[in-house]
Amino acid sequence: MNKDQVLEIMKSKMIDILPDLTAEQIHREASMKDLGANSIDRFDIISDTMDELNIKIPLLQFGSLKNIGEVVDFLHENL
């Protein structure tokens with residue numbers, strides 16, 4: 001699985017949790033917070049994405065990541 005596929009899974013989870021978002025709004029440079037995701041939404045998006053990718057990473061490790069691209073890269077590195 002490549003990074004673009006991980007991004008597509010994450011986009012799908014974001015749209016499920018934040019139905020006002022469109023796929024076009026979600027890009028690597030955007031932050032989930034700037035797109036309207038509160039802390040619970042961000043937890044759900046990352047948890048759901050990890051479930052789909054069948055990986056487990058402590059959520060605390062995501063705290064320093066600044067944007068969607070960094071989250072995707074981190075998830076991809078841990079596949």
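Since this is a predicted model, take the numbers as computed values, not measurements.
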Which donor-acceptor pairs under 3.5 Å do the side chains of residues 44-61 make with protein atoms, sequence neighbours left out?
{"unit_1": "S47", "atom_1": "OG", "unit_2": "F43", "atom_2": "O", "d": "2.9"}
{"unit_1": "T49", "atom_1": "OG1", "unit_2": "I45", "atom_2": "O", "d": "2.7"}
{"unit_1": "E52", "atom_1": "OE1", "unit_2": "K13", "atom_2": "NZ", "d": "3.0"}

> Should M32 and I68 count as side-chain neighbours, where that means a heavy-atom distance under 4.5 Å?
Replying inline: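 M32 vs I68: side chains touch.
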>> Contact between N67 and D34 at the side-chain level, heavy atoms closer than 4.5 Å - yes or no?
In response: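 The answer is no, as the side chains (C-beta and beyond) never meet within the 4.5 Å cut-off.
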Quick one: list whatever passes side-chain contact (heavy atoms from CB on, under 4.5 Å) with [X], sequence neighbours left out.
| X | value |
| --- | --- |
| T22 | E24, Q25 |
| D41 | I17, L18, A37, N38 |
| E8 | K11 |
| N2 | D4, Q5 |

> Can you name the closest pair of heavy atoms from K66 and E70 and give their distance?
Replying inline: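 Residues K66 and E70, closest heavy atoms: N-OE1, 2.8 Å.
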>> For a quick test of reading the model, state the closest non-hydrogen atom pair linking L35 to A30 and the distance between them.
In response: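 What the structure gives for the nearest pair is CD1-CB, 4.0 Å.
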> Taking atom CE of M14 and atom CD1 of I26, what is their separation to the nearest 0.5 Å?
Replying inline: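 Answer for the CE-CD1 pair, M14 versus I26, is 4.5 Å.
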Could you list the donor-acceptor pairs under 3.5 angstrom formed by side chains in residues 71-79, with sequence neighbours left out?
{"unit_1": "D73", "atom_1": "OD1", "unit_2": "K3", "atom_2": "NZ", "d": "3.4"}
{"unit_1": "D73", "atom_1": "OD1", "unit_2": "R28", "atom_2": "NH1", "d": "3.4"}
{"unit_1": "D73", "atom_1": "OD1", "unit_2": "R28", "atom_2": "NH2", "d": "2.7"}
{"unit_1": "D73", "atom_1": "OD2", "unit_2": "R28", "atom_2": "NH2", "d": "2.9"}
{"unit_1": "H76", "atom_1": "NE2", "unit_2": "M1", "atom_2": "O", "d": "3.1"}
{"unit_1": "N78", "atom_1": "ND2", "unit_2": "F74", "atom_2": "O", "d": "2.7"}

